[in-house]
Protein chains: 2
Amino acid sequence: MDASAVRQALGSNKVIVMSACCTVSYSGRAESFLGEGDRIIIIKSDKTLLIHQPCGGVPINYMRDNTSIKVAEDGQRLVLDCRNEKECMTIIISRLHFFHSQEMQDSQKLQLVGSEKDMSVMIYNNPSLIEAGFTPLSMEEHTRFGFIDVFGYDRNNVLVVVECKRYAADHKAVEQLRRYAEKVKQTKGVSSVRGVIAAPRISPSAAELLAQFGYEFRSISPPRYMEKYDSSQRRLDL
Amino acid sequence: MDASAVRQALGSNKVIVMSACCTVSYSGRAESFLGEGDRIIIIKSDKTLLIHQPCGGVPINYMRDNTSIKVAEDGQRLVLDCRNEKECMTIIISRLHFFHSQEMQDSQKLQLVGSEKDMSVMIYNNPSLIEAGFTPLSMEEHTRFGFIDVFGYDRNNVLVVVECKRYAADHKAVEQLRRYAEKVKQTKGVSSVRGVIAAPRISPSAAELLAQFGYEFRSISPPRYMEKYDSSQRRLDL
DNA sequence: GGGGAGAGATGCCGC
DNA sequence: GCGGCATTTCTCCCC
């Protein structure tokens, strides 16, 4: 098994893809060992290392970017010694099924719609989604009151804190809302602040907690492609 | 560009690795578009699909396992149509740099030491880490009191709830401890329950919250390889 | 650099 | 199936 091809590719900024039968030992934030089996090994331009088994969505082992990788031959085996400041990993390859390295050009970033922030924008622009007479003051996540999604007054000039969740709201969302509402009460020096969870749905236990605190729930789903871009005729792929 | 090789590999349980210049459109839990660039595309035996850019640790796009993937030719382009119950993705390949498919055998599972559960076991077996006279009753995470890491009595027969964190404990850990302690008070019908955070360290704001609730902090780190396995001479790689 | 919070989070376990 | 929670979470943003 020839280490020189691997070593040469590591010296460039090429992306390396290997398939190999190997074992993996890791020591760092935790410690782990993975017995011998076939895996895909990827080493990226930024020296991120990923090890994937034939099934499953997440890498079974990995090293973060800026990892120093050295190659050595141990008889028939190839040994990858991988280190960064706080972690180290040893990959022992008993058989290299295939090896590929190449330059890759990619300057694109993902354009994404449907996040929690998009929900905030939608509610800010359509305050009646919360209720008639709701007047948003801000939708900045980082105000002096904290990371509040939407913040405003109701028709009776009572402060309203809205916490958006793109998925089903759970007890943690309710606790988050409570922290914000309490902070607003302190900062503004008012005795009463309304709290509203805006999410597609809320779990039963979270609804119970919400009722205990006297807060409210509005069933609102995150915006989708068509809803957001129809009016301006824009499209994500244009 | 030949779609038949891709189609044939998709019909097997082989793992596919490609390098290609492509665009990616996704619609499902959110919606996204990624402009043209070079990426590594992996399709696993379980029909998990991963798309990796030349830098970064997480896939820029992906589909979960059991995704149905169809290949079509559109002039010089190759189009991958990927669908599951709730999501769909279209990958348009303008240039296929390389293509590889192979059978992969891997039955190994990761052996890992240093998790939160390992901390629970360590404390259960060495209760003096909390304090002299501490007597653990259980270390099951899923009791009728909730997912309590370690649960026991102190030297004065007062109930103690211990919440372990392998990293610095934050305010969420304190709130979690509070939920458990309150639940135990209710269930056991006692007026006083002690709460202890066991973690390497605690953030200042979390320490403040901890003090408000009258709970305590113990600086304890998750077990490492040697500490756990020294006594029995066992090793992770044996 | 630390704290706080979202994520197309993922994955695991228990009910 | 849902709920609760850990993760070598990762990532981003702000102080």
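Per chain, numbering begins at 1; letters A, B, ... match sequence-line order.
Pairs engaging residues 82-94 of chain B under the salt bridge (charged side-chain N to carboxylate O under 4.0 Å, His left out) rule: R29(B)-E87(B), D81(B)-R83(B) [sequence neighbours left out]. Residue pairs meeting the ring-ring contact (aromatic ring centres under 6.0 Å, His included) criterion with at least one partner in residues 194-216 of chain B, sequence neighbours excluded, are F213(B)-Y215(B). Pairs of residues two or more places apart, or lying in two chains, that qualify as salt bridge (charged side-chain N to carboxylate O under 4.0 Å, His left out) and include a residue from residues 194-205 of chain B are E131(B)-R194(B), D154(B)-R194(B), R194(B)-E216(B).
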Practice item. Could you summarise the pairing of DNA chain C as dot-bracket text, marking Watson-Crick and G-U pairs under 3.5 Å with ( ) or [ ] inside the strand and | across strands? Key: |||||||.|||||||

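For R201(B), the listed nucleotide lying nearest its side chain is dG3(C); candidates were dT8(D), dG4(D), dG3(C). Of the candidate nucleotides dG3(D), dA5(C), dT8(D), dT8(D) has the atom nearest to the side chain of L110(B).
With S45(A) contributing its side chain and N13(A) its backbone, the two residues share a donor-acceptor pair below 3.5 Å.
The distance between atom CD of E31(B) and atom C1' of dA7(C), rounded to the nearest whole Å, is 17 Å. Atom CZ of R83(A) and atom C1' of dT8(D) are 17 Å apart (whole Å). Nucleotide dT7(D) holds its C1' atom 13 Å from the CD atom of Q176(B), rounded to whole Å. The distance between atom CG of L49(A) and atom P of dC10(D), rounded to the nearest whole Å, is 14 Å. Atom-to-atom, NZ of K109(B) to C1' of dC12(C) comes out at 11 Å; the value is rounded to the nearest Å.
Heavy-atom distances to DNA chain C give each of Y180(A) and N84(B) a nearest nucleotide, and the one nearer the 5′ end belongs to Y180(A).
Residues from residues 160-168 of chain A with heavy atoms under 4.0 angstrom of DNA chain C, sorted by number: E163(A), K165(A), R166(A). A heavy-atom distance below 4.0 Å to DNA chain D is reached by these residues of residues 54-70 of chain B, ordered by number: G57(B), V58(B).
By the 5.5 Å and 30° criteria, F147(A) is not stacked with the base of dA5(C).
Summarising the local packing, NZ of K47(A) is surrounded by more than 12 heavy atoms from other residues, nucleotides or ligands at distances under 6.0 Å.
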